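Inspection log for the structure reproduced underneath, given as structure tokens.
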Amino acid sequence: MSKWTNEMVKKYDFKFTKSLGQNFLIDDSVLNAIVDSSELTKDDFVIEIGPGVGTLTKELLDRAKSVCAIELDSRLIPILETELAEYENFKLINKDALKVDYEQLTEGEKSIKVVANLPYYVTTPIIAMFLTEGIDFKFLTIMIQKEVAERIDAEPGTKDYGALSILAQYYCDTKIVRMVPCSAFVPRPKVDSIVIRLDRLEKPRIEVKDEKLFFKVVKDAFNMRRKTLWNTMKGIGLDKENLEKAFENAGIDPKRRGETLTIQEFGKLSDCIYELR
Ligand code: SAM
């Protein structure tokens with residue numbers, strides 16, 4: 001068990017705020033798994049979201065060139081500033097991680113890695129932000145709710161496969177590092193977690209004619225996942241005849257459900273819809 005977390009919580013009489021997703025890590029084996037899979041070197045600029053009392057931060061600071069931690073809870077700022085004062089390679093920002101200018105923050109950095117035990121309530125928006133806003137990271141090593149990790153890593157035809165799987169796999173290779181039981185945290189959350197790594201691909205996995213349309217096709221297909229593709233694509237902007245043609249050109253049976261389509265098939269369908277719009 002990690003002594004650091006317990007010591008800090010006790011020393012500063014820290015009271016957890018549930019609404020901020022404050023479940024601090026107390027299991028050293030999980031801490032080591034996150035650090036090991038982050039493969040840090042002295043060239044790395046690390047962004048940590050939600051450092052808490054600095055349990056993971058300290059490990060990152062020992063290995064990386066520099067660490068910039070972004071923490072929303074201002075009660076944690078003096079604790080982190082005091083306890084991590086010896087580290088010259090530490091920068092702390094007291095802000096909502098969704099409102100940081102990452103382009104400015106990472107200017108001139110060549111090797112950017114994001115490592116975090118993310119707060120549950122903003123996991124998906126934070127991941128989506130890193131994926132879609134052109135932040136030039138090498139990979140994200142993140143601990144998140146088990147169900148979300150399984151959706152990110154899911155394959156076509158499975159119950160977890162959905163818009164989030166496509167979004168993540170469009171931009172990244174995904175790999176589950178390890179399962180984490182709820183006993184690894186204080187206080188214990190109701191759900192288990194997973195450490196997952198998302199390695200950014202040099203370019204998106206598939207080339208599509210219109211990225212916005214591609215993601216709309218995906219979103220519509222999964223919004224009503226029990227319906228056939230034909231029914232989910234009715235609002236995509238094609239009349240019946242052209243929609244039929246789009247499915248035919250893509251070589252996709254409109255009676256299939258969205259959850260059976262590979263990312264390549266979604267790309268083909270959206271390109272064929274694009275041609276006829
Ligand atoms: N890294 C610590 C650990 O592993 O023990 C704490 C992780 S805890 C799951 C999540 C942390 O994120 C908390 O410190 C919480 O205050 C912080 N946090 C919550 N919402 C945030 C946000 N929108 N932006 C930045 N930090 C946030």
Side-chain angles (χ1 to χ4, degrees), residues 98 102-103 106 112-114 122-142 144 148-176 196-277:
L98 289 169
Y102 290 95
E103 210 174 304
T106 57
I112 303 158
K113 293 176 180 172
V114 180
V122 276
T123 300
T124 312
I126 287 178
I127 295 172
M129 172 188 74
F130 276 106
L131 294 180
T132 59
E133 287 188 12
I135 304 161
D136 193 19
F137 65 87
K138 281 194 166 162
F139 55 76
L140 313 173
T141 306
I142 46 177
I144 57 179
V148 180
E150 285 170 345
R151 277 164 50 207
I152 287 175
D153 195 48
E155 288 179 11
T158 62
K159 70 167 180 19
D160 294 323
Y161 186 63
L164 185 60
S165 327
I166 304 267
L167 177 71
Q169 294 170 28
Y170 179 73
Y171 291 109
C172 296
D173 278 333
T174 65
K175 184 170 177 273
I176 287 184
I196 188 168
R197 200 172 118 165
L198 280 74
D199 286 54
R200 182 184 272 289
L201 299 166
E202 251 172 57
K203 54 187 177 62
R205 189 171 302 278
I206 55 166
E207 208 178 303
V208 291
K209 296 203 159 78
D210 181 341
E211 219 169 59
K212 225 170 136 194
L213 177 64
F214 167 71
F215 283 113
K216 175 154 175 50
V217 168
V218 170
K219 189 167 156 256
D220 287 0
F222 286 109
N223 257 350
M224 297 176 282
R225 56 188 298 148
R226 303 310 304 158
K227 295 204 170 169
T228 61
L229 273 172
W230 176 260
N231 281 323
T232 60
M233 288 303 123
K234 278 182 176 164
I236 207 71
L238 292 185
D239 59 23
K240 192 169 168 272
E241 200 178 312
N242 277 322
L243 189 56
E244 260 170 18
K245 212 183 218 169
F247 275 109
E248 199 181 302
N249 293 349
I252 291 168
D253 180 352
K255 288 203 239 32
R256 283 172 68 186
R257 290 201 183 117
E259 64 199 32
T260 68
L261 261 63
T262 61
I263 189 167
Q264 288 78 9
E265 287 179 311
F266 270 118
K268 219 186 252 176
L269 180 59
S270 95
D271 280 356
C272 291
I273 290 172
Y274 176 84
E275 299 284 1
L276 294 162
R277 285 223 303 183

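Being a predicted model, the structure only gives us computed values, none of them experimental.
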Under the side chain to side chain donor-acceptor pair (under 3.5 Å) test, which residues partner Thr228, sequence neighbours left out?
->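 Counting only residues at least two positions away or on another chain, Thr228 forms a side chain to side chain donor-acceptor pair (under 3.5 Å) with Asn231.
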Got a sec, which residues hit side chain to side chain donor-acceptor pair (under 3.5 Å) with Tyr171, two or more places apart in sequence or on another chain?
->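 For Tyr171, no residue satisfies side chain to side chain donor-acceptor pair (under 3.5 Å) once neighbours in sequence are set aside.
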Which atom pair, heavy atoms only, marks the closest approach of Glu211 to Pro204?
->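 So the minimum-distance heavy-atom pair works out to OE2-CG, 4.4 Å.
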For Cys272 and Ala246, which heavy atoms make the closest approach, and how far apart are they?
->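 For Cys272 and Ala246, the tightest heavy-atom pair comes out as CB-O, 3.5 Å.
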How many angstroms lie between [atom1] in [X] and [atom2] in [Y], if you round to the nearest 0.5 Å?
X      : Y      : atom1 : atom2 : result
Asn223 : Lys227 : CG    : NZ    : 11.0 Å
Phe215 : Thr132 : CZ    : OG1   : 8.5 Å
Ile176 : Glu150 : CD1   : CD    : 6.0 Å
Ser270 : Lys212 : OG    : NZ    : 13.5 Å
Leu140 : Ile127 : CG    : CD1   : 7.0 Å
Thr260 : Leu229 : OG1   : CG    : 6.5 Å

Any chance you could lay out the side chain to side chain contact (heavy atoms under 4.5 Å, CB included) test for Glu103 and Ile135, step after step, and finish with the verdict?
-> CA-CA 7 Å; Glu103 210 174 304; Ile135 304 161; over 6 Å; no
Think Arg200 forms a cation-pi with Phe137, using NZ or CZ under 6.0 Å from the six-ring centre and within 45 degrees of its axis?
->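 Yes.
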Applying ring-ring contact (aromatic ring centres under 6.0 Å, His included), which residue pairs with at least one partner in residues 252-277 are found, sequence neighbours left out?
->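 Non-adjacent pairs meeting ring-ring contact (aromatic ring centres under 6.0 Å, His included): Phe222-Phe266.
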Run the numbers on Trp230 and Lys255 for side chain to side chain contact (heavy atoms under 4.5 Å, CB included), then give the verdict.
-> CA-CA 6 Å; Trp230 176 260; Lys255 288 203 239 32; over 6 Å; no
With a 4.5 Å heavy-atom cut-off, do [X] and [Y] have their side chains touching?
X      : Y      : result
Pro125 : Leu98  : yes
Ile144 : Ile152 : yes
Lys175 : Ile196 : no
Thr262 : Pro156 : yes
Thr141 : Val114 : no
Val208 : Leu213 : no
Val148 : Thr124 : yes
Asn249 : Leu276 : yes

Residue pairs fulfilling salt bridge (Lys or Arg N to Asp or Glu O under 4.0 Å) with at least one residue in residues 257-277, sequence neighbours excluded |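 Checked against salt bridge (Lys or Arg N to Asp or Glu O under 4.0 Å) - neighbours excluded - the pairs reaching residues 257-277 are Lys209-Glu275, Arg225-Glu259, Arg226-Glu259, Arg256-Glu265.
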Give the C-alpha distance, both sets of side-chain angles, the deciding distance and a yes or no for side chain to side chain contact (heavy atoms under 4.5 Å, CB included) between Asp253 and Phe247.
-> CA-CA 7 Å; Asp253 180 352; Phe247 275 109; over 6 Å; no
Contacts of type salt bridge (charged side-chain N to carboxylate O under 4.0 Å, His left out), residue Asp136, not counting sequence neighbours |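 Not a single residue meets the salt bridge (charged side-chain N to carboxylate O under 4.0 Å, His left out) criterion with Asp136.
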Run the numbers on Thr174 and Asp153 for side chain to side chain donor-acceptor pair (under 3.5 Å), then give the verdict.
-> CA-CA 6 Å; Thr174 65; Asp153 195 48; 2.7 Å; yes
Check the pair Ile112 / Lys138 against side chain to side chain contact (heavy atoms under 4.5 Å, CB included), numbers first and verdict last.
-> CA-CA 6 Å; Ile112 303 158; Lys138 281 194 166 162; over 6 Å; no
Backbone of Ile263 reached by a side-chain donor or acceptor of Tyr170 within 3.5 Å =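 Looks like no, no N/O pair under 3.5 Å.
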Side-chain donor/acceptor of Thr106 to backbone N/O of Tyr102, under 3.5 Å =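 Yes.
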Could you give all pairs that pass the side-chain hydrogen bond (donor to acceptor under 3.5 Å, both in side chains) test and reach residues 238-248, with sequence neighbours left out?
->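 Counting only pairs at least two positions apart or across chains, the side-chain hydrogen bond (donor to acceptor under 3.5 Å, both in side chains) contacts touching residues 238-248 are Asp239-Asn242.
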Cationic N near anionic O, under 4.0 Å, Arg197 to Asp173 |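 No, this pair does not count.
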Within a radius of less than 6.0 Å around CD of Gln264, do more than 12 heavy atoms belonging to other residues, nucleotides or ligands occur?
->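 Buried by this count: over 12 neighbours within 6.0 Å.
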